Structure formats: structure tokens, C-alpha cells
2 protein chains.
Amino acid sequence: MEDKFVPNIVVGRLPLYLRTLQLMSQEGRRVTSSQELGERLGISAAQIRKDLSQFGEFGKQGTGYNIDYLSDQLRLILHVNKVWDVAVVGIGDVGHALARYQGFSNRGFRIVLLFDNDPQKIGKNVGGFIIQDFSSIVTKIKTAGVQIAMLSVPIDQAQPVTNLLVDAGVRSILNYAPINISVPSGVRVQYIDPVLHLQRMTYYLE
Amino acid sequence: MEDKFVPNIVVGRLPLYLRTLQLMSQEGRRVTSSQELGERLGISAAQIRKDLSQFGEFGKQGTGYNIDYLSDQLRLILHVNKVWDVAVVGIGDVGHALARYQGFSNRGFRIVLLFDNDPQKIGKNVGGFIIQDFSSIVTKIKTAGVQIAMLSVPIDQAQPVTNLLVDAGVRSILNYAPINISVPSGVRVQYIDPVLHLQRMTYYLE
DNA sequence: TAGATTGTTAATCGATTAACAATC
DNA sequence: TAGATTGTTAATCGATTAACAATC
């Protein structure tokens with residue numbers, strides 16, 4: 001089921017479904033429908049049903065989806081039924097905010113390592129973790145078996161640091177530096193750059 | 001030219017092109033080609049040419065694109081040939097990082113207003129600006145004529161604060177709260193939620 | 001039972017790519 | 001001139017939607 005090819009664009013919507021279902025669950029709701037989910041997300045009901053059908057049958061005709069059951073299934077599909085250890089690399093303002101962000105733990109992630117190369121910062125405690133020196137990055141990440149990193153270093157360090165992360169066995173990188181980085185196949189990168197989003201909106205402003 | 005309909009997905013790629021061109025310009029480069037741009041971005045050369053052709057003819061056969069000229073044109077198209085004033089609403093760790101982020105100014109944005117509702121924070125200076133009380137948000141934003149806001153408040157405040165922003169005349173919202181918000185037509189929302197990106201990658205991890 | 005909603009198929013719609021004449 | 005690369009067309013590919021039988 002999960003072995004078969006699923007379009008990337010579909011995979012990208014699943015976390016959105018999960019996020020909304022978790023919220024509904026917190027609201028005390030028990031069941032929902034593709035229509036309701038769609039309305040909350042601005043996505044058509046047909047698309048949601050089609051997306052889910054890639055992975056199995058999770059609903060009941062006439063009643064819809066059990067929220068907690070579908071959430072569990074989505075967590076299994078997305079492999080966030082466990083908690084993933086994450087490293088934050090580059091503890092400037094962005095890294096600092098990530099290290100202290102409370103929104104990871106109930107969605108499948110926890111931060112376990114912080115790195116920076118500024119002697120002023122090394123040894124400091126942020127969000128309960130001690131900032132460690134870049135020089136130890138490969139061994140520390142390897143030893144901890146961390147496979148996911150959030151990268152919040154300056155632009156010119158993004159590629160060299162990425163290379164270290166790849167050497168250390170990191171397979172998923174969330175890159176906050178506004179530059180495209182190269183990784184070998186088997187390693188995935190996602191990008192966050194607020195300016196891209198802002199410029200996408202100013203197109204429609206005068 | 002800009003009046004005619006352009007697919008949203010095309011508009012979304014333009015900021016990426018611009019970002020790469022600005023980087024090339026800083027590297028001292030003068031010209032590039034759709035092929036080179038495509039390689040740096042992981043996008044096909046044909047797609048880049050097709051996207052650009054929606055807005056005009058910016059290249060020369062045989063030589064390619066003048067980097068600074070194409071950058072200027074993209075800035076005009078995206079309306080970032082000017083600098084937009086932006087408000088940051090909610091000065092927790094994320095808002096704090098946004099307020100101090102140095103990457104906005106050379107890409108068309110500058111932060112001019114900060115808001116929070118925590119009496120402990122109101123009056124404090126972050127990144128050169130004084131945090132102001134929520135109670136003044138509508139009038140202050142109206143007076144300043146700010147049309148863009150970055151929203152970094154807790155989940156449960158996202159929708160009510162959004163309503164205030166809309167009342168104040170904000171037309172573009174970059175929402176960091178992990179929840180979908182409703183806005184009237186004419187107002188645009190973009191979302192940033194790191195967990196969505198992480199979960200999209202764990203799908204491919206075991 | 002009647003009403004509601006799923007999962008799925010086929011039709012539609014839109015986006016990407018390949019190819020090439022034009023031309024620098 | 002020969003080589004390179006654009007802008008654009010037509011073909012391909014993929015994603016979305018509409019519709020409905022199945023069934024809770």
C-alpha cells in the first residue's frame with residue numbers, strides 16, 4: 001500500500017489533513033466528512049477522498065471519517081506515529097526560535113541537538129539544550145542517530161554545512177537559508193523563506 | 001501584460017527566479033541562461049522560459065538573459081521595486097526572530113510595526129521598534145497604511161487577530177500559526193508551518 | 001427506509017515538456 | 001558564418017473534478 005508510488009503533491013497535503021484533524025479532535029469532535037475537511041482547508045471534497053484512497057479505505061458511507069482513527073492512520077502513513085529527533089544547526093534568531101518552539105512535540109518531532117560555530121554561543125543553554133561546536137557536528141549527529149536537521153545558518157555557510165550534515169547521515173533537511181542547496185539523491189530538502197511568500201502576495205498588490 | 005491572467009503556480013516561481021538572479025548578481029555574474037537557472041533551481045529550462053514569456057521577452061537568442069535586467073523586470077512584475085511596510089503581530093520567539101531578521105530589506109520589505117498583548121512585552125524595543133499594544137492595532141496599522149502583516153500569535157488568537165488586521169486594511173497575511181484562517185476575498189494568506197515540511201519528509205523515512 | 005457520504009471511474013482541466021523556427 | 005539560446009507551438013503528461021453505484 002505504502003510501497004506504491006504516490007504523487008508528491010498528494011504526500012504534501014496529508015500533513016495538512018492531519019493538522020486539521022488534530023485540531024478537530026481537540027475541539028472534541030468525533031467524526032467529520034470530506035466535505036467539512038475540504039471547507040476548512042479550501043480543498044475540494046473529491047480531492048480529499050481521492051488523496052486518502054491512495055492509502056486505503058478509512059471512512060464509512062453515510063457517516064464519514066472517525067477523526068481519531070483517520071489521524072492515527074495518517075500518522076502511520078507519514079511515519080509520525082513515533083517521535084523523530086531533530087538537530088538545529090545555526091543558533092541565530094531563527095535557530096533560537098526553533099529550539100524553543102513548543103509546537104513540535106505533539107506532532108512527531110523533538111529537538112535534541114543544537115549547533116553553532118560562534119564561541120560566544122557555544123555552551124549556552126537554549127530551550128534546555130546546550131549549544132555545541134560545529135567541529136563536533138558529524139560525530140555528535142552520527143552518535144545520536146539523528147536523521148533530520150533544521151538549517152538556519154547564513155547563506156554562505158548553507159552548502160558547506162549541508163555537506164557535513166549529509167556526511168553525518170542526515171537524510172531530511174529543512175533549510176531556512178534563502179538559497180538552494182545541493183544534496184545527493186536519498187537526501188530530501190524542504191525550504192522555508194518568508195520573502196518568497198511575501199513576494200508572491202505583493203504581485204497582487206499595487 | 002500584467003493584467004492578463006497568470007497561473008498562481010507561475011507567480012509562485014518568480015520569487016525563486018529573482019532570488020537566484022540576485023545571488024548570481026552578487027557573485028559578479030552578468031548573464032545567464034534558462035538552462036543554468038534551471039539547473040540551480042531543479043526546474044526545467046523550458047518551464048522557466050515559458051513562465052517568463054507570460055510577462056514579455058527578456059532574453060536574447062544565443063546569449064540568454066542579462067541578470068540585472070531580468071532582476072529589475074521581475075521586481076517590477078512582483079511589485080518589489082519598492083519597499084513594503086510590514087507589521088509583525090505577536091512577538092514571541094518567532095515574531096522576535098522576524099523583527100530582527102536582516103534578510104527583508106534588500107528584497108522589498110521592511111518591518112515598521114510590532115504588536116503584542118503581553119503587558120510584559122509592550123514598550124520593549126526589538127530590532128529598533130517598540131512593541132505596541134494590541135488595543136491600538138487597528139488605528140496604528142490604518143494610520144501607517146500598512147498592507148502586509150506577519151502573524152505569529154498562538155493558534156487560538158490567529159482568527160480573531162486576523163479579523164482585526166482585515167479591519168485595519170491589511171491585504172496580505174503571512175501566517176505562522178499552524179491553523180487555517182478565513183479572510184474575505186481580496187485578502188491573501190500564505191502559510192509557514194515547519195512541521196508540515198518535516199512530515200512531508202518523514203513520509204520517505206522509515 | 002431515506003438520507004448521507006464514501007471510494008472510484010471517466011471526463012475535464014491545466015501544467016509541463018519537447019521540439020524547432022527565429023535570430024543574436 | 002556557426003553555435004547558442006530564445007520564445008512559442010503542439011504534444012504529452014498529470015492532477016482535479018464531476019458523477020454515481022455502493023452502502024452505512
Side-chain angles (χ1 to χ4, degrees), chain A residues 1-2 4-18 20-21 24 29-74 76-77 200 203, chain B residues 1-2 4-18 20-21 24 29-74 76-77 200 203:
Chain A
M1 215 180 299
E2 288 186 43
K4 100 156 142 35
F5 174 76
V6 175
N8 213 274
I9 196 162
V10 173
V11 174
R13 280 191 294 259
L14 300 183
L16 214 46
Y17 300 162
L18 178 56
T20 304
L21 289 164
M24 286 176 168
R29 304 282 314 283
R30 294 200 84 76
V31 293
T32 186
S33 64
S34 58
Q35 180 169 21
E36 190 195 26
L37 257 178
E39 276 164 15
R40 277 178 78 141
L41 289 167
I43 291 177
S44 81
Q47 179 157 87
I48 290 172
R49 294 201 302 279
K50 188 102 205 288
D51 285 352
L52 295 177
S53 77
Q54 300 263 7
F55 303 95
E57 309 190 354
F58 307 114
K60 272 203 184 66
Q61 286 101 323
T63 40
Y65 302 92
N66 178 295
I67 288 170
D68 287 336
Y69 175 72
L70 183 53
S71 299
D72 282 343
Q73 292 302 309
L74 286 174
L76 282 167
I77 292 166
R200 192 175 182 154
Y203 172 82
Chain B
M1 217 180 296
E2 288 187 45
K4 101 154 141 38
F5 174 76
V6 175
N8 212 275
I9 196 162
V10 173
V11 174
R13 281 191 293 260
L14 301 183
L16 214 46
Y17 301 162
L18 177 56
T20 304
L21 289 164
M24 286 175 166
R29 305 281 313 285
R30 294 200 82 76
V31 293
T32 187
S33 64
S34 57
Q35 181 170 21
E36 189 196 25
L37 256 180
E39 276 164 14
R40 277 178 77 142
L41 289 167
I43 291 177
S44 81
Q47 178 156 88
I48 291 172
R49 295 202 301 280
K50 187 102 207 288
D51 285 352
L52 296 176
S53 76
Q54 300 262 8
F55 303 96
E57 307 190 355
F58 307 113
K60 272 204 185 64
Q61 285 103 325
T63 40
Y65 302 92
N66 178 294
I67 288 170
D68 287 337
Y69 174 72
L70 182 54
S71 299
D72 284 342
Q73 294 300 310
L74 286 174
L76 282 168
I77 293 166
R200 194 176 182 153
Y203 172 81

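Note that the coordinates shown come from a computational prediction; the quantities given were computed from them, not determined experimentally. Lettering of chains follows the sequences in order, A, B, ..., and the numbering in each one begins at 1.
- B:R40 and B:T20 form no side-chain donor-acceptor contact under 3.5 Å, judged by distance and modelled atom types alone.
- The CG atom of A:L14 sits 12.0 Å away from atom CD of A:Q73, with the distance rounded to the nearest 0.5 Å.
- A:D51 is linked by a side chain to side chain donor-acceptor pair (under 3.5 Å) to A:R13, A:Y17, counting only residues two or more places apart in sequence or in another chain.
- A:L74 places a side-chain heavy atom less than 4.5 Å from the side chain of A:L70.
- Residues B:S34 and B:Y65 form a side-chain contact, since some pair of their non-hydrogen atoms from C-beta on lies under 4.5 Å apart.
- Counting 5' to 3', DNA chain D first comes under 4.0 angstrom of a heavy atom of chain A and last does so at the ends given by D:dA15 to D:dC24.
- For the pair A:I9 and A:Q61, both in contact range of DNA chain D, the more 5′-proximal nearest nucleotide belongs to A:I9.
- Applying the side chain to side chain donor-acceptor pair (under 3.5 Å) test to B:T32 and every residue at least two apart in sequence or in another chain returns B:E36.
- How far CG of B:L52 is from NZ of B:K50: 12.0 Å, rounded to the nearest 0.5 Å.
- Using a 4.5 Å heavy-atom threshold, the side chains of B:I67 and B:S71 count as touching.
- Listed by residue number, the members of residues 43-53 of chain B with any heavy atom below 4.0 angstrom from DNA chain C are B:S44, B:A46, B:Q47, B:R49, B:K50.
- Pairs engaging residues 56-72 of chain A under the salt bridge (charged side-chain N to carboxylate O under 4.0 Å, His left out) rule: A:D72-A:R75 [sequence neighbours left out].
- The shortest side-chain heavy-atom distance between A:Q35 and A:I48 does not fall under the 4.5 Å cut-off.
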- Message: Could you spell out the base pairing of DNA chain D as a dot-bracket line? Use Watson-Crick and G-U wobble contacts where both distances are under 3.5 Å, [ ] for crossing pairs, | for partners on a different strand.
- Response: ..||||||||||||||||||||||

